[in-house]
Asks: 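Before anything else, here's the structure in question.
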Amino acid sequence: MKLASRLLLQSLAIVTVMVVSVVVIIDHQIHSSITDQATHDLAGEARLLATEWKPGVGPDVLADEAGVATGHRITLIDSTGRVVGDSEFDGPALESLENHSTRPEIAAAREHGVGSARRMSPSTGESQLYVAVKAPAGFARVSVTTRAIEEIFSRARSGVIAAGLISFLLAAALALLFSRAVSRPITELRDVARSIAAGERRRHPPLSAPGEVGDLADAIYRLSEQLEARLSALVAEQSILSALVETLNEGVVAISPEHEVVRINDTGRRLLSISRPVPFGLDFLPRETTLRNAISRALNGTETEPEEVTIDGDTLSLTASPLVNGGAVVALFDLTPIRKLEAVRRDFVANVSHELRTPLTIVGGFAETLQDPDVPAERRAEFAKTIFYNTQRMQRIVDELLDLSRIESGHWTPRPGPVRVADAAGEVFGRVAEAAKSKGIVLVTAISPSAEVVYADRTALEQILLNLVENALRHTPEGGRIVIETAPAENGVEVIVSDTGTGIPPEHLPRIFERFYRADAGRSRESGGTGLGLAIVKHLVEAHDGSVRAESTVGAGTTIRIFFPTVTNGPVS
């Protein structure tokens, strides 16, 4: 039941009790007043009658005349109690009336001068009010039926009841207004409190309520403001914390005391291959022994030292720490890139050492041989030529390593601009024309009219084409062909270098752009290759935001496709 209804019912109950109490009290007082007034009036008539009852006046005649005049029953009683006159009885009937000396009103009048009584009349059979006064000749009594008094009392009671009913209705209306006036601000405060509890912190209670309700509204208003400020600060802090956790390169997993994962950042999801929404049980984490043991120790209050663990092929550094109020937090750091870099470094050192060891061994061996004075002059010239060739080879390896290091470290930045591919191809073919002629290899340029210009660094473009053409010359047999062509592509131009060489087996294609990687290592070294040319090509192309890919068929040749994006137009170089 609503507050307004409860207040109204309680108020009506109080009003009802009060109205009924007032009506009962007034009813009793009115009844007493009417009875007293009637007794007083009858006593006055009896006194008047007593003064008229004188010697020589017939009592029965006096009683009859007075009865007619007053409309009441008049009885005259001598001092012995015998009825000597009665307005309602005459003759034999009068003689037959009982002696009244023992009647209460006569006994009271004899003692106090005035007496009254209310009883059923044995002579008339009706309830009567008797009032008697002491007279010189006896007692004068006046009586009236109580029916007349009750009629007066009934009319007065009807008025009282009507007044009580009107008062009740007015009080009910006032109680209704009161209950609404009291309940409205309390109901509003309740709704505001519920809204605040539901998260609607900007809803404030009205401050116009009177008295203690107004004080309560003011207190709730201040409470809502403080709550809003604290929640805003908490949300801001939570937002910062979430942003920090989500931007960490480490995976973070928070576990509750109930052994549920209650928070995990994106890095943690990626490292543990988890997509379930939180919270979820520990059973959904990878079943890796080291991980489970670390979580178990942390949940038991023991912090773990960093450990390496392998999950789904990734090497992770794992640390688990207990939380103050129970639970644990697990930190995961991906060591896979570091381990790959370490492997690349080891491979690089091994490859460089291997590439330099062979020419150094040759140079050292032939230099030692040249120290022998018995070596013929023609052999000396041959040995010197071999030493010079291997020295040049080592120089190329070092130069290309320096170029590659400079590109990868960012110390070299391309200066792109519009370049005619035909001009760059002509420059490159000019450098290798003699070598191509010696092998009978045909050099062809096929430039598409819709793809004549690329947006690139001219020097870098020429180096790209030169590395690819030299690589093609080394792997293309006599009588072959090398082609530089272009083709339009979406948002750019594709430069294609193809040959009719020996081709590359499919299992080697994904790795040909790695440093020192050779599909046929022995043959590449014999032809003077360093194993760095394609790696340099890839880095130069990617520096232009382009891409490179290789297609090859064993025995049919290789095609290298280079994509240069179109950036802007400018003066062609």
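All figures in this text were calculated on a predicted structure; none of them were measured in a lab.
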Asks: So, do Pro286 and Asp312 sit near enough that their side-chain heavy atoms are less than 4.5 Å apart?
Replies: no
Asks: Going from CD1 on Ile482 to OG1 on Thr558, what distance comes out if it is rounded to the nearest 0.5 angstrom?
Replies: 11.0 Å
Asks: Which heavy atom in Arg292 sits nearest to a heavy atom in Leu285, and how many Å separate them?
Replies: NH2-O, 2.9 Å
Asks: Applying side-chain contact (heavy atoms from CB on, under 4.5 Å) to Val432 and Leu466, what does each step give before you reach the verdict?
Replies: CA-CA 8 Å; Val432 300; Leu466 180 61; 3.9 Å; yes
Asks: How long is the straight-line distance from CG of Leu316 back to CG of Leu272, given to the nearest 0.5 Å?
Replies: 7.0 Å
Asks: Roughly how far, to the nearest 0.5 Å, is CD1 of Ile441 from OG1 of Thr500?
Replies: 7.5 Å
Asks: Indicate the atoms forming the closest heavy-atom contact of Gly492 with Phe563, along with that distance.
Replies: CA-CE1, 3.6 Å
Asks: Taking Ser256 for the side chain and Val262 for the main chain, is one N or O donor matched with an acceptor at less than 3.5 Å?
Replies: no
Asks: Within a reach of under 6.0 Å around CG of Asn325, are more than 12 heavy atoms found that belong to other residues, nucleotides or ligands?
Replies: no
Asks: Just wondering, more than 12 heavy atoms not from Lys439 lying within 6.0 Å of its NZ?
Replies: yes
Asks: Would you mind telling me which of Leu332, Leu271, Val252 makes a side-chain contact (heavy atoms from CB on, under 4.5 Å) with Asn265?
Replies: Val252
Asks: Roughly how far apart are Lys538 NZ and Ile560 CD1, rounded to 0.5 Å?
Replies: 12.5 Å
Asks: Report the distance from atom CG of Leu318 to atom CD of Glu307, rounding to the nearest 0.5 Å.
Replies: 6.0 Å
Asks: Going by distance alone, is a donor N or O of one side chain under 3.5 Å from an acceptor N or O of the other, for Thr559 and Ser498?
Replies: no
Asks: Could you walk me through whether Leu335 and Glu308 satisfy the side-chain contact (heavy atoms from CB on, under 4.5 Å) test, starting with their C-alpha distance in whole Å, then the side-chain angles of each, then the deciding distance to 0.1 Å, before giving a yes or no?
Replies: CA-CA 9 Å; Leu335 297 176; Glu308 285 196 15; 3.6 Å; yes
Asks: Specify the closest pair of heavy atoms between Glu260 and Pro279, including all atoms of both residues, with the distance to one decimal.
Replies: OE1-CB, 3.8 Å
Asks: When you measure from the side chain of Ser552 to the backbone N and O of Gly557, does any donor-acceptor pair fall under 3.5 Å?
Replies: yes
Asks: Holding to side chain to side chain donor-acceptor pair (under 3.5 Å), I want the full list of residues that pass it with Thr486, two or more places apart in sequence or in another chain.
Replies: none
Asks: For Val444 and Phe429, which heavy atoms make the closest approach, and how far apart are they?
Replies: O-CE1, 3.5 Å
Asks: Between Ile484 and Val497, does the side-chain contact (heavy atoms from CB on, under 4.5 Å) criterion hold? Intermediate values first, please.
Replies: CA-CA 5 Å; Ile484 297 178; Val497 179; 4.2 Å; yes
Asks: Compare every heavy atom of Pro488 with every heavy atom of Ser448, then report the nearest pair and how far apart it is.
Replies: OG-CD, 3.9 Å
Asks: Check step by step if side-chain hydrogen bond (donor to acceptor under 3.5 Å, both in side chains) holds for Thr302 and Asn300.
Replies: CA-CA 6 Å; Thr302 303; Asn300 291 327; over 6 Å; no
Asks: Less than 4.5 Å apart, side chain to side chain, heavy atoms only: is that true for Ile464 and Val548?
Replies: no
Asks: Would the number of heavy atoms belonging to other residues, nucleotides or ligands and lying under 6.0 Å from CZ of Arg481 be above 12?
Replies: no
Asks: Under the salt bridge (Lys or Arg N to Asp or Glu O under 4.0 Å) rule, what do Glu382 and Arg379 come out as? Steps first, then yes or no, please.
Replies: CA-CA 5 Å; Glu382 182 181 344; Arg379 296 290 292 172; 3.0 Å; yes
Asks: Are Thr267 and Arg270 close enough, and set up right, to give a side-chain contact (heavy atoms from CB on, under 4.5 Å), and what steps lead you there?
Replies: CA-CA 5 Å; Thr267 305; Arg270 176 177 57 81; 3.6 Å; yes
Asks: With the side chain counted from C-beta on, respond yes when Leu299 and Leu282 share a heavy-atom pair under 4.5 Å apart, and no when they do not.
Replies: yes
Asks: Can you name the closest pair of heavy atoms from Asn467 and Val537 and give their distance?
Replies: CB-CG2, 3.7 Å
Asks: Above 12 or not: heavy atoms from other molecules or residues under 6.0 Å from CZ of Arg269?
Replies: yes
Asks: Do the side chain of His544 and the main chain of Leu540 share a donor and acceptor less than 3.5 angstrom apart?
Replies: yes
Asks: For the CD1 atom of Ile512 and the CG atom of Leu534, what is their distance to the nearest 0.5 Å?
Replies: 5.5 Å
Asks: Strictly distance-based, threshold 3.5 Å: is any side-chain N or O of Asp457 a donor or acceptor partner for the main-chain N or O of Arg415?
Replies: yes
Asks: Would you say the side-chain atoms of Thr336 pair up with the backbone N or O of Thr315, donor to acceptor, closer than 3.5 Å?
Replies: yes
Asks: Do the side chains of Val421 and Phe564 get nearer than 4.5 Å, heavy atoms only?
Replies: no
Asks: Using a 4.5 Å cut-off on heavy atoms from C-beta on, say whether the side chain of Asp423 contacts that of Arg458.
Replies: yes
Asks: Take atom CZ of Phe388 as the centre, draw a 6.0 Å sphere, and report whether it contains more than 12 heavy atoms from other residues, nucleotides or ligands.
Replies: no
Asks: In the structure I gave you, are the side-chain heavy atoms of Val493 and Val453 within less than 4.5 Å of one another anywhere?
Replies: no
